[in-house]
Peer 1: 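Here it is: the structure, laid out below.
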Amino acid sequence: KGFEEQWRFLEDDVCKEGSMGWIVGPPGTGKTTTTMSFMQSLSIEREWRVMCVRLWRRGSVKFLQVADGKHRVFQTDIVRAADILFAILRGWTRSDRKHFISLDGFLQG
């Protein structure tokens, strides 16, 4: 039930409505699995660019990006991550494609 509800939320409330959305919950409940599966389905469609930004507890950040049929994966430290993310997003704004970005992970205040 959780997977289907989360998928519908991402499809209807986030993508179709063009809204920002949060899926929160304890570890192991399928949040990342559902979101990554959903993103993969979007990346197959030509009009979408997708990116997952994975925040790790120890301060590193991993980027998984699919844009224009090309897959890129790279990792950096948290200090450089914001600059990299802004540069990617600036490039994406010059496109007529739709964008889906997932911020995933755990950071303790």
Side-chain angles (χ1 to χ4, degrees):
K1 185 177 175 181
F3 179 88
E4 292 173 4
E5 285 179 23
Q6 290 175 17
W7 189 285
R8 270 195 310 276
F9 167 74
L10 292 169
E11 187 172 53
D12 296 338
D13 297 345
V14 175
C15 290
K16 288 182 182 172
E17 295 296 323
S19 300
M20 202 179 301
W22 278 262
I23 298 176
V24 295
T29 57
K31 301 175 303 294
T32 300
T33 301
T34 301
T35 303
M36 293 298 284
S37 296
F38 184 79
M39 290 175 65
Q40 181 65 31
S41 75
L42 288 180
S43 70
I44 294 169
E45 298 180 34
R46 287 291 208 194
E47 66 207 38
W48 284 92
R49 289 179 168 188
V50 299
M51 178 170 39
C52 176
V53 180
R54 178 74 169 115
L55 308 168
W56 297 99
R57 189 176 217 168
R58 294 191 176 97
S60 65
V61 179
K62 189 172 194 174
F63 290 81
L64 297 93
Q65 177 184 4
V66 180
D68 304 321
K70 297 176 186 169
H71 295 251
R72 294 178 54 205
V73 178
F74 57 95
Q75 191 162 326
T76 187
D77 60 72
I78 195 125
V79 175
R80 295 191 56 228
D83 291 336
I84 292 169
L85 180 59
F86 289 134
I88 291 169
L89 295 178
R90 272 194 300 274
W92 281 15
T93 59
R94 293 189 275 277
S95 169
D96 59 348
R97 300 227 168 84
K98 298 174 186 175
H99 308 93
F100 186 96
I101 300 169
S102 168
L103 301 175
D104 181 53
F106 175 81
L107 289 178
Q108 190 170 0

Peer 1: In Å, rounded to the nearest 0.5 Å, how long is the span from NZ of Lys16 to CZ of Arg8?
Peer 2: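 So the gap between those two atoms works out to 11.5 Å.
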
Peer 1: Can you tell me how far CE of Met39 sits from CD1 of Ile101, rounded to the nearest 0.5 angstrom?
Peer 2: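 Here the interatomic distance stands at 8.5 Å.
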
Peer 1: For atom CZ of Phe86, decide whether the heavy atoms of other residues, nucleotides or ligands shown that lie under 6.0 angstrom number more than 12.
Peer 2: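 Atom CZ in Phe86 is not crowded, with 12 or fewer foreign heavy atoms closer than 6.0 Å.
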
Peer 1: Working to the nearest 0.5 Å, report the span between CD1 of Ile84 and CD of Gln75.
Peer 2: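 Answer for the CD1-CD pair, Ile84 versus Gln75, is 10.5 Å.
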
Peer 1: Kindly compute the distance separating OG1 (Thr76) from CZ (Phe63), expressed to the nearest 0.5 Å.
Peer 2: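 Those atoms lie 7.0 Å apart.
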
Peer 1: Could you check whether any side-chain heavy atom of Met51 comes within less than 4.5 Å of a side-chain heavy atom of Leu89, counting everything from C-beta outward?
Peer 2: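 In short, these two side chains touch, coming nearer than 4.5 Å.
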
Peer 1: Can you see which heavy atom on Arg97 is nearest to which on Trp48, and at what distance?
Peer 2: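 Closest pair (atom of Arg97, atom of Trp48, distance): CD-N, 4.3 Å.
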
Peer 1: So do Leu42 and Val66 actually touch side chain to side chain, heavy atoms under 4.5 Å?
Peer 2: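 Sidechains of Leu42 and Val66: no contact.
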
Peer 1: So which atom in Val79 and which in Asp77 form the shortest heavy-atom distance, rounded to 0.1 Å?
Peer 2: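 In terms of heavy atoms, the two residues are closest at N-OD1, 3.0 Å.
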
Peer 1: Atom CZ in Arg49, atom NZ in Lys98: separation rounded to 0.5 Å?
Peer 2: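 Between Arg49 CZ and Lys98 NZ, I get 14.0 Å after rounding to 0.5 Å.
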
Peer 1: Any non-hydrogen side-chain atom of Asp104 less than 4.5 Å from a side-chain atom of Met36?
Peer 2: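 Heavy-atom side-chain distance check fails, nothing below 4.5 Å.
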
Peer 1: Can you tell me how far the CG atom of Leu64 sits from the CD atom of Gln40, to the nearest 0.5 Å?
Peer 2: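 It is 10.5 Å, given to the nearest 0.5 Å.
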
Peer 1: How about NZ on Lys31, more than 12 heavy atoms from neighbouring residues, nucleotides or ligands closer than 6.0 Å, or not?
Peer 2: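 Yes, the 6.0 Å shell around NZ holds more than 12 heavy atoms from other groups.
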
Peer 1: Can you check whether Phe9 reaches Thr34 side chain to side chain, under 4.5 Å on heavy atoms?
Peer 2: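 No. Closest side-chain heavy atoms not under 4.5 Å.
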
Peer 1: Given side chains that start at C-beta, do those of Leu85 and Val61 come closer than 4.5 Å, heavy atoms only?
Peer 2: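 No, too far: nothing below the 4.5 Å cut-off.
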
Peer 1: Are Val53 and Met20 connected in a single hydrophobic cluster, I mean Ile/Leu/Val/Met/Phe/Trp/Tyr linked by side-chain heavy atoms less than 4.5 Å apart?
Peer 2: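 Different hydrophobic clusters.
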
Peer 1: Within the side chain of Thr35, is there an N or O that forms a donor-acceptor pair under 3.5 Å with the backbone of Thr32?
Peer 2: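 No, because the side chain of Thr35 does not come within donor-acceptor range (under 3.5 Å) of the backbone of Thr32.
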
Peer 1: Is Cys15 close to Phe38 at the side-chain level, that is, under 4.5 Å between some pair of heavy atoms?
Peer 2: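 Side-chain contact under 4.5 Å: yes.
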
